[in-house]
Amino acid sequence: MSATAKKRAPMPDDIRAAKGGTPLVSLTAYTTPMAQMMDEHCDFVLVGDSVGMVLHGLPSTLGVTMEMMILHGQAVARGLSSAMMVMDMPFGSYEESREQAFRNAARLMAETGAGAVKLEGGAHMADTIAFLVARGIPVMAHIGLTPQSINTLGGYKVQGRGAARDAALADADAVAQAGAFAVVLEKVPQTLADEITALVPIPTIGIGASAGCDGQILVVDDMLGLFTAFKAKFVKRYAHLGDDGAAAIAAYAADVRARAFPAAEHVFADKAPLK
């Protein structure tokens, strides 16, 4: 391969094979420009159902629809060439039955070009994961805090502490045995995340878990400081674009009201100058 050849996007088997190696890098994306910015830096990009909160102003992820996911997935796909795209399956699109999960996962992949889907749930979703994988749908699992289950979990609480530790370990083992190629660990104690990483033969992707995980993911609007409604403990702000944007809008408004914008360089003469 020539040194100038374009990098091939990873496949699910490539992600699986990264277990124990250089940590995998991932972010969420919902738009073409954002996907373009992260493409060369991420191994995979997740079109997350977090879009409902960060772009649509919903109070949780529960109101996100298949149509919303497909729309944003198509936009993200236009901005990617080097990173694999993974699609979140929205609430209510896979829990009813294995067959429902297959129909909706197949639709997401066919209409967006995604390389895989992600669904929430541990041991109770293992049969569904196995059903999808056997039919050509690569699945990334998601255990620990599963935001689609906040009403039964009692909110956005740390999961897997105390007596719940064994259940979390069982969940991780179950999704790995079912054929998931990776598993997201969200908001679990560091020691538990490290135990799970040592236990399962597939990469663990941490979000509020441990630096010892096989990779990390954050919501891009969180790490860029664009989403400012709240900040989870596990988020590191790498920029403060929300504050910068608010200041820029205020400066624009002030210029307009003072007739300082548009200035001479922003308007057009009656006749083009002779050359």
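All values below were derived from every heavy atom in this structure, side-chain atoms included, with hydrogens, water molecules and symmetry-related copies excluded. A quick note: this is a predicted structure, and the numbers were derived from the prediction, not measured. Sequential numbering from 1 along the given sequence is applied to the chain's residues.
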Separation between NZ (K157) and CG (L145), nearest 0.5 Å, reads 11.0 Å

May I ask you to test the D88-V64 pair for a side-chain heavy-atom distance under 4.5 Å? no

Please name the pair of heavy atoms, one in F181 and one in A116, separated by the smallest distance, quoted to 0.1 Å. CE2-CB, 3.5 Å

Verify the cluster assignment for L80 and L71: are they in a single hydrophobic cluster under the rule of side-chain heavy atoms below 4.5 Å apart? no

Might you point out which heavy atoms bring A168 and G160 nearest each other, and give the distance in Å? CB-CA, 4.5 Å

Atom pair CD1 (I205) and NE2 (H142), whose distance is rounded to the nearest 0.5 Å: 11.5 Å

Hey, does the side chain of D14 reach the backbone of M11 with a donor-acceptor pair shorter than 3.5 angstrom? yes

Distance in Å, Y94 OH paired with N104 CG, rounded so as to fall on 0.5 Å steps: 11.0 Å

Looking at E99 and R135, is any side-chain nitrogen of the basic one under 4.0 Å from a carboxylate oxygen of the acidic one? no

Where the side chain of K19 meets the backbone of I202, is there a donor-acceptor pair that is under 3.5 Å apart? yes

Side-chain contact test, heavy atoms from C-beta onward, threshold under 4.5 Å: evaluate it for D49 versus M69 and give yes or no. yes

Can you find a pair of side-chain heavy atoms, one from H56 and one from Y30, that are under 4.5 Å apart? no

V188 to G144 - nearest heavy-atom pair and separation: CG1-CA, 3.7 Å

So, the side chain of T65 versus the backbone of M68: is there a donor-acceptor pair under 3.5 Å, distance only? yes

Donor + acceptor pair across side chains of T197, D214 (<3.5 Å): no

Cluster overlap M66 with L62, hydrophobic side-chain contacts below 4.5 Å: no

Tell me the closest heavy-atom pair linking S50 and T28, and the distance in Å. OG-CG2, 4.1 Å

Within a 6.0 Å radius of atom OH on Y252, are there more than 12 heavy atoms belonging to other residues, nucleotides or ligands? no

On the 0 to 90° scale, with breaks at 30° and 60°, tag the F261-H266 ring pair as parallel, tilted or perpendicular. tilted

Are V51 and F91 linked, directly or through intermediate hydrophobic residues, by side-chain heavy-atom contacts shorter than 4.5 Å (ILVMFWY only)? no

M140 side chain near L46 side chain, heavy-atom distance below 4.5 Å: no

Those residues that, when tested against Q216, pass side-chain hydrogen bond (donor to acceptor under 3.5 Å, both in side chains) (two or more places apart): none

I'd like to know whether I143 forms a side chain to side chain contact (heavy atoms under 4.5 Å, CB included) with V184, so could you lay out the CA-CA distance, the side-chain angles of the two residues, the decisive distance to 0.1 Å, and finally the verdict. CA-CA 6 Å; I143 65 172; V184 173; over 6 Å; no

With distance as the sole test, does D255 use its side chain to make a donor-acceptor pair with the main-chain N or O of A260 at under 3.5 Å? no

Separation between CD1 of I217 and CD1 of I207, rounded to the nearest 0.5 Å: 6.5 Å

So how far is it from I137 CD1 to L119 CG, rounded to the nearest 0.5 Å? 11.0 Å

Least distance between heavy atoms, A126 atom then A178 atom: O-CB, 3.3 Å

Heavy-atom count around Y238 OH within 6.0 Å, excluding the residue itself: above 12? no

Are M37 and V54 in one and the same hydrophobic cluster, where Ile, Leu, Val, Met, Phe, Trp and Tyr link if side-chain heavy atoms are under 4.5 Å apart? yes

Whether T204 side chain and V183 backbone form a donor-acceptor pair below 3.5 Å: no

Please check this pair: side chain of R8 against backbone of S82, looking for a donor-acceptor N/O pair closer than 3.5 Å. no

Atom CG in L108, atom NZ in K118: separation rounded to 0.5 Å? 12.0 Å

Taking Q100 for its side chain and G92 for its backbone only, find out whether a donor-acceptor pair lies under 3.5 Å. yes

Any side-chain to backbone donor/acceptor pair from D39 onto S81? Under 3.5 Å, distance only. yes

Would you say that S97 contacts F131 through its side chain, given a criterion of any heavy-atom pair below 4.5 Å between the two side chains? no

Is there a side-chain contact between P138 and M109 (heavy atoms, below 4.5 Å)? yes

So, do V45 and V76 sit near enough that their side-chain heavy atoms are less than 4.5 Å apart? yes

Taking the side chain as every heavy atom from C-beta outward, state whether I196 and L169 have any pair of such atoms under 4.5 Å apart. yes

In this structure, are over 12 heavy atoms from other groups packed under 6.0 Å from R161 atom CZ? no

For the pair S26 (side chain) and F44 (backbone), establish whether a donor and an acceptor sit closer than 3.5 Å, ignoring hydrogens and angles. yes

According to a 4.5 Å side-chain heavy-atom criterion applied to Ile, Leu, Val, Met, Phe, Trp and Tyr, with indirect links allowed, do V235 and L27 form part of one hydrophobic cluster? yes

Is the side chain of E120 donor-acceptor paired with the backbone N or O of Q148 at a distance under 3.5 Å, no angle test? yes

Closest heavy-atom contact between I70 and M87? N-CE, 4.4 Å

